[in-house]
**Student:** 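Before anything else, here's the structure in question.
Numbering of ligands and ligand atoms starts at 1, following listing order.
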Amino acid sequence: MNAENTAPKVLIHSLSRDELAGLFTEMQEPKYRADQLWSWLYVKKVMDWSAMSNMPSSLKEKLAARFNLNSVKMEKTEGESGRTRKILVGLQDGEQVEEVLIPGGDRKTVCVSSQAGCRFRCTFCASGQAGFRRNLDAGEMVGQVILAANVYGERPSNVVFMGIGEPLDNYDAVLKAVRIINDQDGLGIGARKITISTCGIVPGIERLGEEGIQVELSVSLHAADDELRSKLMPVNRTYPLTCLIEACRKYFDRTGRLITFEYTMIGGLNDAAAHARNLVKLISGMPARVNLIPLSPVEEFDGKASSPDRAEVFMEILGRAGINSTLRMSKGSSLKAACGQLRYRKK
Ligand code: SAH
């Protein structure tokens, strides 16, 4: 039968370590075989069953009949080695997402997409402009990390769920992917080197606080009053600021982890001194820092980045109130790979 006519196989990278162990028990294979496979997948990161030299062919054939080892395909790369690179990632069903490799200092960061498209339609973000297609499987996110490792020639130091989609709207698959890439006998990326960024899905933040995992949480704020925030981010109508900030406080109480608030600076819209003072009122006394990001240009949004002067005044106001902030110089805008510029496609 033509492979194109068969139902898509399960991605091997979607299996948790326990599920893999269970599978080997079910196949009446010894446990060490599951560990061998885990190591081929996540230490040697092979993309071909035949490369797994210490596994019997009959077992590999059985696995290959049920599982797909090529969870994602690299369809195109833009940018040069040593600088920000954008990769067009092909999925089994023809959907395409983007991931970004951001090397800098001793860091090798990969920015991973969690959904094809996005439901939340923040006005200034390209990712939601064409709506939502589907959630990504855990294996499609893990696959993006492995692909990045293979392009970097080493394991990425940091993984940020800041590509296309809303990670807390695909909660189970994202958490599964986090646990797979965090596994010490595999990719071994420390939980504190993994960032989940959310537009403010309150139930997701509450759930994440109960997971007992030390991931970094970023919350996209962009405005400190409900009227403006609802205009920029429709999700604010469902989870307004008081309830969002309350969830953030609870998250800190539970986990002891500092939250990062992302604040995209849009000239003349949310970057005046009064906006900074509102932000101070909203979060002062909270264990948090603020990441200011000048707006990256997006075709559908008629706005421009704040001038450096305004950004500086804004930072000063935060600083005087004892709030730590950094101004993130957006990388990759020449590739349309900066924050908010990623889009999904369909072949
Ligand atoms: N859905 C999640 C993950 C996306 S992370 C979230 O909203 O947090 C991408 C970050 O870039 C978010 O903080 C997002 O608000 C921000 N962003 C979106 N569009 C942008 C733009 N045009 N310029 C700068 N930042 C943008």
**Student:** Answer yes or no: is there an ion pair linking Lys336 with Glu299, defined by an N-O contact shorter than 4.0 Å?
**Tutor:** no

**Student:** Using a 3.5 Å cut-off on N or O atoms only, is Gly163 in polar contact with ligand 1?
**Tutor:**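 It does not: no N or O of Gly163 is found under 3.5 Å from an N or O of ligand 1.
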
**Student:** Side chain or backbone of Gln341 under 4.0 Å from ligand 1, or both, or neither, by non-hydrogen atoms?
**Tutor:** neither

**Student:** Please list, in number order, the atoms of ligand 1 under 4.0 Å from a heavy atom of Ser220.
**Tutor:**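 This gives 6 (C), 7 (O), 8 (O), 12 (C), 13 (O), 15 (O) as the contact atoms.
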
**Student:** Return a yes/no value for Gly165: is any of its N or O atoms, backbone included, closer than 3.5 angstrom to an N or O of ligand 1?
**Tutor:**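 Yes: some nitrogen or oxygen of Gly165 is under 3.5 Å from one in ligand 1.
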
**Student:** Measuring from atom OG1 of Thr123 to atom CD1 of Ile266, what distance do you get when rounded to the nearest 0.5 angstrom?
**Tutor:**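 Going from OG1 on Thr123 over to CD1 on Ile266, the span is 6.5 Å.
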
**Student:** Measuring from non-hydrogen atoms of His222 to any atom of ligand 1, is the shortest distance under 4.0 Å?
**Tutor:** yes

**Student:** Does the distance from a Lys or Arg side-chain N to an Asp or Glu carboxylate O, for Arg179 and Glu19, drop under 4.0 Å?
**Tutor:**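 Glu19 and Arg179: not salt-bridged.
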
**Student:** Measure Val298 to ligand 1 on non-hydrogen atoms and call it side chain, backbone, both or neither using the 4.0 Å cut-off.
**Tutor:**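 Side chain only; the backbone of Val298 stays clear of ligand 1.
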
**Student:** Assess whether salt bridge (charged side-chain N to carboxylate O under 4.0 Å, His left out) is satisfied between Arg345 and Glu75, documenting all intermediate values.
**Tutor:** CA-CA 12 Å; Arg345 283 156 222 193; Glu75 306 220 320; over 6 Å; no

**Student:** Validate the cation-pi geometry between Arg207 and Tyr171: distance from NZ or CZ to the six-membered ring centre under 6.0 Å, angle to the ring axis within 45°.
**Tutor:** yes

**Student:** Report the part of Thr198 (side chain from C-beta onward, or backbone N, CA, C, O) that has a heavy atom under 4.0 Å from ligand 1; answer both or neither where that applies.
**Tutor:** backbone

**Student:** Has Lys176 got more than 12 heavy atoms of other residues, nucleotides or ligands less than 6.0 Å from its NZ?
**Tutor:** yes

**Student:** When the ring planes of His222 and Phe124 are compared, do they come out parallel, tilted or perpendicular, using 30° and 60° as the limits?
**Tutor:**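 Correct class here is perpendicular.
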
**Student:** Do any N/O atoms on Glu262 end up under 3.5 angstrom from N/O atoms on ligand 1?
**Tutor:** no

**Student:** Which is closest to atom 24 (C) of ligand 1 in terms of heavy atoms, Ser296, Gly340, Ala126?
**Tutor:** Ser296

**Student:** Provide the number and element of each atom of ligand 1 under 4.0 Å from a heavy atom of Cys199.
**Tutor:** 6 (C), 7 (O), 8 (O)

